[in-house]
Amino acid sequence: MTYKEARVYLDEMSKYGSVLGLDTIRGLLRELGNPQDSLKFIHIAGTNGKGSVLAYTSTILSEAGYRTGRYVSPTVMSYLEKIQVDGTWISESDFAQITEQIKEAIASLEAKGEPLPTLFEAETAMAFLYFQKMHCDLVVLETGLGGETDATNIVKNTICAAFATISVDHLGVIGDTLEEIARTKSGIIKPGCAVVSARQTDIVRDVLKQKAEEKGCSYIEAEPEKMEILSDSYDGITFSYQEFENMHSSLAGQCQRENLATALEIVKQLRKLGYEITDDAVRSGLRNTVWEGRFTCLRKNPVFIIDGAHNEDAAVKLKMSIERYFKGKEIQFIMGVFQDKEYEKITKILCPLAKKVYTVELPNKARSLSARALADCAGKYCKEVEAKDSIQAAVDASIKASQTAGQETGMENQVIIACGSLSYLGEVKRIVEESEKQ
C-alpha cells in the first residue's frame with residue numbers, strides 16, 4: 001500500500017462519521033495486540049488550549065531526553081502532523097505500512113461480524129502502533145471529542161491527566177450544560193494518576209476535584225495570576241512562574257499564560273514521579289515550542305496573524321490579545337467557521353474591532369458556514385464586510401488593502417488576522433508564504 005492508497009482508504013472511512021464509546025476501538029486494538037498497553041500517557045482534555053499545553057509539554061520532554069510521542073487533532077499543516085515523535089511527523093512510508101495493518105485488522109473484524117471502527121478510531125489505533133514501534137518513553141495524547149467516551153480514553157497507563165480550560169463546546173453531543181461537559185471530560189482521570197488543570201470556573205473545578213477524589217488522585221490547579229511577565233509582545237512572552245525563572249515562550253497571545261502555567265504544573269508533577277527534567281530542558285523546550293495557528297505571526301509587513309479562535313472563549317482571548325498588542329492599529333479579519341460553531345458570538349466579540357472583514361468558505365464544504373451567511377452575521381458589527389469566493393482571494397485582498405492604507409498611515413499600523421476554524425489556516429499560511437517570495 002502506498003501513502004496515496006492509504007489516504008484513499010482512510011478517506012472512505014470518513015463517511016461513517018464519529019461514534020462515541022470504547023467498544024469498537026477496543027475490538028480493533030485487540031486485533032492489533034493492544035499496542036497502547038505498552039505505553040505511558042499524559043492525557044489532555046479541554047475546550048481551548050489543550051493543543052498548546054500538549055506542544056509545550058511534549059517539546060520539554062523531548063528536550064529532557066525522553067522519546068516523546070504526540071497525537072493531535074485537528075492538524076493545520078499536513079495530515080501527517082497528527083502523529084509525531086519528538087516533533088517529527090510520521091513518514092509517508094510508515095503511515096502506509098501502519099494503514100495496511102489497520103486494514104487487515106478491520107477485515108478480521110468484518111469477517112467476525114463485529115462493529116467496524118470510525119476514521120478517528122482507526123487513526124488513534126495507528127498512533128498507538130507507531131508509538132510502540134518507535135519505543136516512545138512517554139506519549140502526550142490529546143482527546144478528540146470530550147473525554148470519557150472518546151476513543152483515546154481506551155488507554156490504561158495514564159500517569160497524568162491534564163485539563164486545559166473547559167468551556168461550552170459541542171453542546172448536545174458531550175453534554176447539555178457546562179457541568180455535564182466537564183463531567184464527560186473528567187472521564188480521562190485514571191486511578192492514582194496526577195491531575196493537573198488550568199484555572200477553571202467554580203462549576204468545572206468542583207467536577208474535576210470530585211472525580212480526582214473518587215479516583216484517589218491529587219488535584220493541582222495552575223495559578224497564571226502568579227506569573228510575572230518580564231516582556232510581552234506578539235513575538236512571544238518572557239516570564240517567571242514559581243521556581244521557573246526567566247523563561248521565554250515563542251508562542252504569544254493572552255491565552256498562553258494559562259497554557260504555560262498548566263504545562264509547567266505538569267512538569268512539576270512528572271518530576272515528583274521521578275522523571276528528570278532540568279530547568280535547562282524546560283527553558284529550551286519552551287523556547288523551541290512551535291504550535292501553528294495559535295496567535296502565530298506569519299509576516300510583519302503588514303503583520304499577519306493566524307489564530308484558531310472557533311468558539312466564544314477563544315474569541316474573548318483573541319480580543320484581549322488584539323487589544324494588548326495592537327491597540328490603535330487598523331485590523332482586518334479573514335474569517336471562516338463551521339456551521340455548528342458559535343459564529344454569532346464570535347462575530348459579536350471580534351468584528352467591532354475590525355476596519356474590514358473578509359469571509360470565506362472552509363475546505364470542508366459539508367460542514368462550512370457559507371461565506372455569504374458569515375458575512376451577513378459579521379455585517380451587524382462591522383461596516384465593511386465582503387464575502388470572498390476563495391481563501392486566496394481573501395488573503396490577496398487583505399494584503400493589498402493593507403499596503404494601500406499603509407502608504408497613508410504607515411505599514412506598522414496595519415494588522416491582518418485570519419481566524420475561526422483551524423482547518424483552513426494551513427492554506428492561509430501557504431498563500432502568505434508564497435506572497436512573501438514574490
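Here the OH atom belonging to Tyr234 is positioned 11.5 Å from the CD1 atom belonging to Ile417, to the nearest 0.5 angstrom. Atom SG of Cys193 and atom NZ of Lys40 lie 14.0 Å apart (nearest 0.5 Å). Between the CG atom of Leu298 and the CG atom of Leu425 there is a distance of 8.5 Å, given to the nearest 0.5 Å. For the atom pair Ile44 CD1 and Lys185 NZ, the distance stands at 12.5 Å (nearest 0.5 Å).
Checked against the 6.0 Å centroid criterion, the rings of Tyr71 and Phe128 do not qualify as a close aromatic pair. Remark: aromatic rings of Tyr219 and Phe163 are distant, center separation not under 6.0 Å.
Both tests hold for Arg7 against Tyr79: distance to the six-membered ring centre under 6.0 Å, angle to the ring axis within 45°. A cation-pi arrangement is not found for Arg299 relative to Phe304, the charged atom failing to lie both closer than 6.0 Å to the ring centre and inside a 45° cone about the ring normal.
Ion pairing between a basic and an acidic side chain is recognised when a charged N comes within 4.0 Å of a carboxylate O; Asp235 and Lys300 show such pairing. Contact check on Glu427 versus Arg430 returns a salt bridge, with a Lys/Arg side-chain nitrogen under 4.0 Å from an Asp/Glu carboxylate oxygen.
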Verdict with reasoning, Met335 to Val360, per side chain to side chain contact (heavy atoms under 4.5 Å, CB included): CA-CA 6 Å; Met335 302 185 85; Val360 297; over 6 Å; no
Does the pair Tyr343 and Asn311 meet the rule for a side chain to side chain contact (heavy atoms under 4.5 Å, CB included), with working shown? CA-CA 7 Å; Tyr343 56 87; Asn311 56 29; over 6 Å; no
Ser240/Glu245 under side chain to side chain donor-acceptor pair (under 3.5 Å): CA gap, chis, key distance, verdict: CA-CA 4 Å; Ser240 293; Glu245 296 182 353; 5.9 Å; no
Chi angles and distances behind the salt bridge (Lys or Arg N to Asp or Glu O under 4.0 Å) call for Lys380, Glu344: CA-CA 10 Å; Lys380 300 173 188 175; Glu344 285 275 3; 3.4 Å; yes
Check step by step if salt bridge (Lys or Arg N to Asp or Glu O under 4.0 Å) holds for Lys82 and Glu123. CA-CA 9 Å; Lys82 191 178 291 285; Glu123 291 170 337; 3.8 Å; yes
Using side chain to side chain contact (heavy atoms under 4.5 Å, CB included), reason through Leu141 and Thr143 one step at a time and then give a plain yes or no. CA-CA 7 Å; Leu141 186 66; Thr143 60; over 6 Å; no
Might you work through the side chain to side chain contact (heavy atoms under 4.5 Å, CB included) test for Glu292 and Lys429, ending with a clear yes or no? CA-CA 9 Å; Glu292 300 284 6; Lys429 184 182 182 190; 2.6 Å; yes
Between Asp313 and Lys317, does the salt bridge (Lys or Arg N to Asp or Glu O under 4.0 Å) criterion hold? Intermediate values first, please. CA-CA 6 Å; Asp313 186 52; Lys317 286 173 178 170; 3.4 Å; yes
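Annotation: side chain of Arg294 is not in contact with side chain of Leu251 (no heavy-atom distance under 4.5 Å). Asp37 is not listed as a side-chain neighbour of Leu39, based on a closest heavy-atom distance of 4.5 Å or more. A 4.5 Å side-chain heavy-atom check between Phe326 and Gln414 finds every atom pair outside the cut-off. Side-chain contact between Trp291 and Val53 is absent, with no heavy atoms from C-beta onward closer than 4.5 Å. Counting heavy atoms from C-beta outward, Cys136 and Thr68 have side chains that stay 4.5 Å or more apart. Between Thr57 and Ile42, the closest side-chain pair of non-hydrogen atoms falls below 4.5 Å. Considering only heavy atoms from C-beta on, Ser249 stays 4.5 Å or farther from Arg287 through its side chain. Residues Val395 and Ile334 form a side-chain contact, since some pair of their non-hydrogen atoms from C-beta on lies under 4.5 Å apart.
Closest non-hydrogen pair, Glu330 versus Ala405, comes out as OE1-CB, 3.8 Å. Across Asp137 and Gly65, no two heavy atoms sit closer than the pair OD2-O, 4.4 Å. Of all heavy-atom pairs spanning Ile237 and Gly253, the tightest one is CD1-O, 4.0 Å. Closest non-hydrogen pair, Leu350 versus Cys419, comes out as CD1-SG, 4.0 Å. Shortest non-hydrogen contact noted between Gln339 and Ser368 is NE2-O, 3.9 Å. In plain terms, the two heavy atoms of Asn48 and Ser167 that are nearest each other are ND2-OG, 3.7 Å.
Sparse packing is recorded around CD of Glu213, with 12 or fewer heavy atoms of other residues, nucleotides or ligands lying under 6.0 Å away. For NZ of Lys133, the number of neighbouring non-hydrogen atoms (other residues, nucleotides, ligands) closer than 6.0 Å is greater than 12. The local environment of CG in Leu230 is crowded, with over 12 non-hydrogen atoms from other residues, nucleotides or ligands closer than 6.0 Å. Counting heavy-atom neighbours within 6.0 Å of Glu225 CD, excluding the residue itself, gives a total above 12. Lys348 NZ: 12 or fewer foreign heavy atoms inside a 6.0 Å radius.
The aromatic rings of Phe95 and Tyr3 stand perpendicular to each other, their planes meeting at an angle above 60°, with 30° marking the opposite boundary. Taking the six-membered ring where the residue is Trp, Tyr275 and Tyr66 present perpendicular rings, their angle passing 60° and hence far from 30°.
No side-chain donor-acceptor contact under 3.5 Å links Gln36 and Lys156. Side-chain polar atoms of Arg367 and Ser421 form no donor-acceptor pair below 3.5 angstrom. A donor-acceptor contact under 3.5 angstrom links the side chains of His248 and Thr238, judged on distance only. Side-chain atoms of Gln392 and Asp396 include a donor-acceptor pair closer than 3.5 Å. Judged purely by distance below 3.5 Å, without hydrogens or angles, the side chains of Asp232 and Tyr325 pair a donor atom with an acceptor atom. In this structure, a donor-acceptor pair under 3.5 Å is present between the side chains of Thr152 and His43. Side-chain N/O atoms of Gln332 and Ser402 include a donor and acceptor closer than 3.5 Å. Side-chain atoms of Asn153 and Glu148 form no donor-acceptor pair, as typed in the model, at a separation below 3.5 Å. For the residue pair Glu81 and Ser78, no side-chain donor N or O sits within less than 3.5 Å of a side-chain acceptor on the partner. A side-chain donor from one of Asp94 and Ser91 sits under 3.5 Å from a side-chain acceptor of the other. Side-chain N/O atoms of Glu265 and Tyr241 include a donor and acceptor closer than 3.5 Å.
Remark: the backbone N or O of Phe120 is paired with a side-chain donor or acceptor of Thr124 at under 3.5 angstrom. A donor-acceptor distance shorter than 3.5 angstrom exists from the side chain of Thr278 to the backbone of Ala281, with no hydrogens or angles considered. At distances below 3.5 Å, at least one donor-acceptor pair connects side-chain atoms of Thr359 with backbone N or O atoms of Ala371. At least one donor-acceptor pair under 3.5 Å links the side chain of Gln200 to the backbone N or O of Ala164.
Each of Lys226, Lys209, Arg205, Arg199 was scored for a salt bridge (Lys or Arg N to Asp or Glu O under 4.0 Å) with Glu221, with one residue passing: Arg205.
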